[in-house]
Amino acid sequence: MVTTEIHLETTTNPTTVLQQLFNSGADTDLVLSYFDWSTRECKITYTLELTCRLLHSLAAAKMYWNIKNLLNGLVKDESFCSVSSIFRAFSSCSGDRLCDDHSRVIDMLVAAYVRNKKPHLGFEAFKRADDYGLKLSVVSCNQLLNSLVKESEIESVEYMYKEIMRKRKIELNLVSFNIVIHGLCKVGKLNEASDVIEDMKSVGVSPDAITYNTLIDGHCKKGKTGKLYRADAILKDMVESGIPADEFTFNILIDGFCKDGNILAALKVFDEMQTQGVKASLITYSSLIHGLCTYGKLDEAIALSDQMMCSGLKPDIFTYSAIIKVFCKKKMVDKARELFDDLVKKGMVPTTLMYNTMIGGLYSKGDTEGAKRLKNELANKGMKIDNISL
DNA sequence: ATAGGGTTAG
């Protein structure tokens, strides 16, 4: 049995105690206990250097859960430590060169920024990690890329992608490529997205259904004339590569054709979907019902919503919204009102747009009283009608 | 998983 004796000089300064603990080679568990206890009881904030020294010890001891907690605290208070100060503290607290343990802490720092909704700081950390020769993991990179896509920070996504591909130290995987392609499609950079598909193939990563679906959706949502033609061509590529269209593919195409005003084509895809044994979902029905409503095919829309109910699907807020719109447009306001009450009863919260639709429907039927009641209800929730349209 | 895991549709 090994016993470590620690000789502490009589002192009341927690910083001195912590330093002595480090220098005496105390167990990381013990150092952490003292760090936590003194932070809590003495309300002390240690210097970034000491904190980083602790983080490094924790990494060496593989105490990752503790690192995660500590980093969460650091990241929440960004006035206390900038990204650059953290890196500086790391290089000054370690005598030797930065090692794998440092990489791991910095990797977890990036993940902490993402968790705390600060992707721009994660991006800064990504750049600095490279300056300091630290290697991030593909998991943290993907988390960062994904949060940058969500924030529509596509320039940063492109920068990261290009740097990683140029330096070839981090090996991107299928998910990484899919995230980058999604980001590019989101801002309409469809050619760049296709280039990424070529890149991934050249490094031996094969596109999957998500890759193709993302690109197809990109073409449906962007581009003017012939956009569905291009989407169709990608679908052909997809199937030829041995990847069959799935639920996402069909839904993307159906919505694409509906938004393009080509209801017949959308219905054809809907048929094909069923022929191939892919089950229609709430998303399928809400796209179609919405499309049919927009182009005045109200009876078909109602028939489809009946079909949906019969298939055992329970409408959600999106499908309710589409069906209510259909009934209002058909001046079957009682039926619409019934559904409106129904969804509220089920605990769903109507959107302002749905109130607008209902109020518009009631007015067009001459039910001024009913319209006023709903208007008041809306006002009581602090919401406002903008424009009433059907 | 040495911690941790990310992507597509209304």
Side-chain angles (χ1 to χ4, degrees), chain A residues 55 58-72 100-101 103-112 114-115 119 122 136-150 157 160 170 172-186 193 196 200 205 207-221 231 234-235 238 243 245-259 266 269-270 273 278-294 304 308 313 315-323 325 351 353:
Chain A
L55 284 166
L58 291 169
K62 304 191 190 311
M63 295 166 69
Y64 298 112
W65 190 81
N66 298 289
I67 297 176
K68 194 174 162 181
N69 281 339
L70 208 51
L71 285 173
N72 258 341
D100 281 358
D101 289 330
S103 284
R104 235 154 251 159
V105 177
I106 293 302
D107 198 46
M108 293 181 77
L109 175 70
V110 171
V114 171
R115 255 199 319 280
L136 299 183
S137 69
V138 68
V139 172
S140 302
C141 283
N142 287 352
Q143 289 170 339
L144 179 56
L145 284 167
N146 191 40
S147 62
L148 290 168
V149 167
K150 289 216 168 91
V157 171
M160 262 185 83
I170 302 166
L172 295 182
N173 59 25
L174 176 59
V175 175
S176 325
F177 288 110
N178 285 344
I179 295 168
V180 172
I181 289 166
H182 182 215
L184 292 167
C185 285
K186 193 176 173 184
V196 173
M200 69 193 280
V205 178
D208 68 352
I210 297 180
T211 319
Y212 284 107
N213 289 340
T214 305
L215 195 64
I216 291 171
D217 190 49
H219 278 89
C220 286
K221 295 213 163 69
I234 300 161
L235 172 65
M238 178 179 179
I243 302 168
D246 64 8
E247 192 186 341
F248 282 79
T249 323
F250 286 116
N251 287 340
I252 289 163
L253 288 169
I254 287 170
D255 193 60
F257 279 120
C258 283
K259 299 247 160 78
V269 176
F270 182 58
M273 182 179 193
V278 179
K279 252 190 99 185
S281 70
L282 287 178
I283 295 178
T284 322
Y285 284 106
S286 76
S287 290
L288 274 173
I289 294 169
H290 199 90
L292 288 166
C293 179
T294 302
L304 210 56
M308 180 187 83
L313 288 168
D316 63 1
I317 191 80
F318 292 96
T319 34
Y320 265 123
S321 171
I323 300 167
K325 203 169 167 188
T351 59
L353 192 75

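Just so it is clear: chains get the letters A, B, ... in the order the sequence lines come, proteins before strands, and each one is counted from 1. Owing to the predicted nature of the structure, the values given are computational and were not obtained by experimental measurement. Excluded from the calculations below are hydrogen atoms, water molecules and symmetry mates; all remaining heavy atoms, backbone and side chain alike, are included.
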Between the base of dG10(B) and the side chain of Ser286(A), is one N or O donor paired with an acceptor at under 3.5 angstrom? yes
Please report, rounded to the nearest Å, how far the P atom of dT8(B) is from the CG atom of Leu235(A). 20 Å
Rounded to the Å, how far apart are Leu71(A) CG and dG4(B) C1'? 13 Å
When you measure from the side chain of Asn178(A) to the backbone N and O of Ile181(A), does any donor-acceptor pair fall under 3.5 Å? no
Between dA1(B) and dG5(B), how many Å separate the two P atoms, rounded to a whole number? 13 Å
Among the nucleotides dT8(B), dT2(B), dG4(B), which one has an atom lying closest to any side-chain atom of Asn213(A)? dT8(B)
Rounded distance [0.5 Å steps], CG in Asp255(A) versus CD1 in Ile283(A): 9.5 Å
Keeping the roles fixed (side chain from Asp107(A), backbone from Ser103(A)), state whether a donor-acceptor pair exists under 3.5 Å. no
Testing Val175(A), Leu172(A), Val157(A) for side chain to side chain contact (heavy atoms under 4.5 Å, CB included) with Val180(A), which one passes? Val157(A)
Heavy atoms under 4.0 Å, any strand shown: does Lys186(A) hit a base, just sugar-phosphate, or nothing? nothing
Which nucleotide in dT7(B), dA9(B), dG4(B) has an atom nearest any side-chain atom of Lys150(A): dT7(B)
Residue Glu247(A), side-chain heavy atoms: nucleotide from dA9(B), dG4(B), dG6(B) that is nearest: dA9(B)
What contact category does Leu282(A) fall into here, base, sugar-phosphate, or nothing, at under 4.0 angstrom with non-hydrogen atoms? base
Compare the minimum distances between each of dT7(B), dA9(B), dG10(B) and the side chain of Asn146(A), then state the nucleotide with the smallest one. dT7(B)
Side chain of Thr214(A), heavy atoms from C-beta onward: which of dG10(B), dT8(B), dG6(B) has the nearest atom to it? dT8(B)
If you look at every strand shown and take non-hydrogen atoms under 4.0 Å, does Val180(A) touch a base, only sugar-phosphate, or nothing? nothing
Considering only side-chain heavy atoms of Phe248(A), which listed nucleotide, dG4(B), dA9(B), dG10(B), is closest? dA9(B)
Considering only heavy atoms and no angle criterion, is a donor-acceptor pair shorter than 3.5 Å present between the side chain of Ser140(A) and the base of dG5(B)? no
Sticking with atom C1', work out how far dG10(B) lies from dG6(B), rounded to a whole angstrom. 23 Å
Rounded interatomic separation in angstrom, taking CG from Leu148(A) and P from dT7(B): 13 Å
Per the atom types in the model, does the base of dG4(B) pair as donor or acceptor with the side chain of Asp107(A) at under 3.5 Å? yes
Could you work out the separation of dT8(B) and dG4(B) based on their C1' atoms and round it to a whole Å? 23 Å
Ignoring hydrogens and angles, answer whether the base of dG6(B) and the side-chain atoms of Asn142(A) contain a donor-acceptor pair closer than 3.5 Å. yes
The side chain of Tyr64(A) lies closest to which of these nucleotides: dG6(B), dT8(B), dA3(B)? dA3(B)
Report which part of the nucleic acid Ser137(A) touches: base, sugar-phosphate, or nothing (heavy-atom distance under 4.0 Å, all strands). base
d(CG, Leu313(A); P, dA9(B)) in whole Å: 19 Å
Under 3.5 Å, side chain of Lys186(A) to main-chain N/O of Val149(A), donor-acceptor pair present? yes
Just compare dG5(B), dT2(B), dT7(B) and give me whichever is closest to any side-chain atom of Val139(A). dG5(B)
Ser321(A) side chain vs Ile317(A) backbone, donor-acceptor pair below 3.5 Å: no
